[in-house]
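Both backbone and side-chain heavy atoms feed into the values below; hydrogens, waters and symmetry mates do not. From a predicted model like this one, the values you see are computed outputs, not experimental measurements.
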Amino acid sequence: MSDKEQYDLDAYLDRIGWKGERRAGLATLRGVHLAHSLSLPFENLDPVTGSAPSLAPGDLMAKMVRGRRGGYCYEQNTLLRLALEALGFRVTPLAGRVVVGAGSPGSRPRTHAMLQVEVAGEPYLADVGFGAVGALLLPVPLVPGTEYEGAGRRHRLEPLPHDGPSELWELQARDRQTGEWTGQYAFTQEPFSAPDLEVFNWFVATHPRSPFTRRPYLQRPLPDGRHLCLDGPLLTETAADGTVTERVLTEETEARKVVEERFGIAVPARVTLLG
C-alpha cells in the first residue's frame, strides 16, 4: 500500500481542527502549522519503553490522528509533511543539531528533523516537532537577521560561520522575560530522505545515552500562550509573559492524570511515568 493510500488528509485536518482553505498558499501553511502545534503534543512515551516509533503513514495515522497520542520530531514532521504534500506544497525534509545547552553547533549530531516548504518559490522553515518553549508555532521565511513574531513567540534565523560548503543557519528564540536571543538548533538546507530519518529515529529512540530513552518528556503549547512541560517528575508551566512555575509529581496516579487531562495524551498501560 502506498503512502498516499495509507494517509487520510480529511482525518488529519479534522484532528487538528483546521477548517480553512486547502491550497498551497501561505495562509494555509501558517494555519495548518499552528493548528497542528496546538493539537498534537510532543511526547516520547514509545522510546521510554525501548521502542522506536514507526514513521509509516498508516501507523502515524493510527497513533496520532485516530489515537489520543502525540509524538516527537520525526513523527510530528513526517505527519505534517504528508499533509502539506497532499495540499500541493513542495516539501524538503531537513536535519539539524540541537544547540540549546551545547557548547557549539558541531558538538552534537544531527538528531532533529524539520521541513523546508516552498511557497510561491520562496523557502520557509516549518517545524512542529521541537520539544521546547522556544519552538516555532508558525513557519518563518529563510531570510537571515529578520525578526518574526508568531503566536506570541519571536524568532530569527542567523547564518553561522562553518567549514562546510552549504550555509549554516541557526534558529534563535527570544526569551520573553530577559529579551535575550538563544540558539535552538543549527541546520543546512541539505535535503534528507525517509531512510535517513529512519536511522536517526532508531538511534534517538534506542541509544542508551539518548535523553529520550531515560524518562518521559512531554511538551504542549496552549492557545492562550502558556506552555506545559513534563520532564520526568517535574511539571513546568510557562505563562505568556515568561513567568515559570514548577511542581514535582510524586505519585504515578497523579502523573497519569496530569498527562491525560493537561496534555491530552492517553498513556499506554505499559508506560510508567515516574519509574
Sequence neighbours excluded and cut-off under 3.5 Å, please list the side-chain donor-acceptor pairs for residues 122-131, or say none.
unit_1, atom_1, unit_2, atom_2, d
D127, OD1, N77, ND2, 2.9
D127, OD1, G129, N, 2.9
D127, OD2, H112, NE2, 2.7
D127, OD2, Y185, OH, 2.7

Using a 4.5 Å cut-off on heavy atoms from C-beta on, say whether the side chain of D46 contacts that of R270.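 Answer yes - side chains close enough.
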Checking one residue: V248. Which other hydrophobic residues are in its cluster under the side-chain 4.5 Å linking rule?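 Other cluster members: L234.
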Give the table of side-chain donor-acceptor pairs shorter than 3.5 Å for residues 51-60, with sequence neighbours excluded, one pair per line with atom names and distance.
unit_1, atom_1, unit_2, atom_2, d
S54, OG, A56, N, 3.1
S54, OG, D59, OD2, 2.6

N44 side-chain N/O to R215 backbone N/O, donor-acceptor pair under 3.5 Å: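 Indeed, once roles are kept as given, a pair shorter than 3.5 Å links the two residues.
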Is a side-chain N or O of R176 found less than 3.5 angstrom from the main chain of A240, in a donor-acceptor match?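 At least one qualifying donor-acceptor pair exists.
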For a quick test of reading the model, state the closest non-hydrogen atom pair linking V119 to G25 and the distance between them.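 So the minimum-distance heavy-atom pair works out to CG1-C, 4.1 Å.
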Under the salt bridge (charged side-chain N to carboxylate O under 4.0 Å, His left out) criterion, do R81 and E85 qualify, and how do the steps go? CA-CA 6 Å; R81 174 181 62 81; E85 289 176 343; 3.0 Å; yes
Is there a path from L38 to I16 through hydrophobic residues (I, L, V, M, F, W, Y) whose side chains come within less than 4.5 Å of each other?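 No, it is not one cluster - the side chains of L38 and I16 are not joined through contacts under 4.5 Å.
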Aromatic plane relationship, F212 with Y72 - under 30° parallel, 30 to 60° tilted, over 60° perpendicular: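 Ring orientation, 0 to 90° scale: perpendicular.
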Parallel, tilted or perpendicular, as decided by the 30° and 60° cut-offs, for the rings of F42 and Y217: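 It falls in the perpendicular class, over 60°.
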Stepwise salt bridge (charged side-chain N to carboxylate O under 4.0 Å, His left out) check, D10 with R22: CA-CA 11 Å; D10 290 337; R22 300 187 182 189; 2.7 Å; yes
Please list, one pair per line, the donor and acceptor atoms closer than 3.5 Å that link side chains of residues 135-153 to other protein atoms, with sequence neighbours excluded.
unit_1, atom_1, unit_2, atom_2, d
E147, OE1, R154, NE, 3.4
E147, OE1, R154, NH2, 3.2
E149, OE2, G152, N, 2.6
R153, NH1, V133, O, 3.2
R153, NH1, A135, O, 3.0
R153, NH2, H227, ND1, 2.8

Taking side chain to side chain contact (heavy atoms under 4.5 Å, CB included) as the definition, give me every residue that meets it alongside E251, ordered by chain and number, with sequence neighbours left out.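 For E251 the side chain to side chain contact (heavy atoms under 4.5 Å, CB included) partners, ignoring immediate neighbours, are E254.
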Validation: residues 190-199 side-chain donor-acceptor distances under 3.5 Å, sequence neighbours left out:
unit_1, atom_1, unit_2, atom_2, d
S193, OG, D196, OD2, 3.2
D196, OD2, S193, N, 2.9

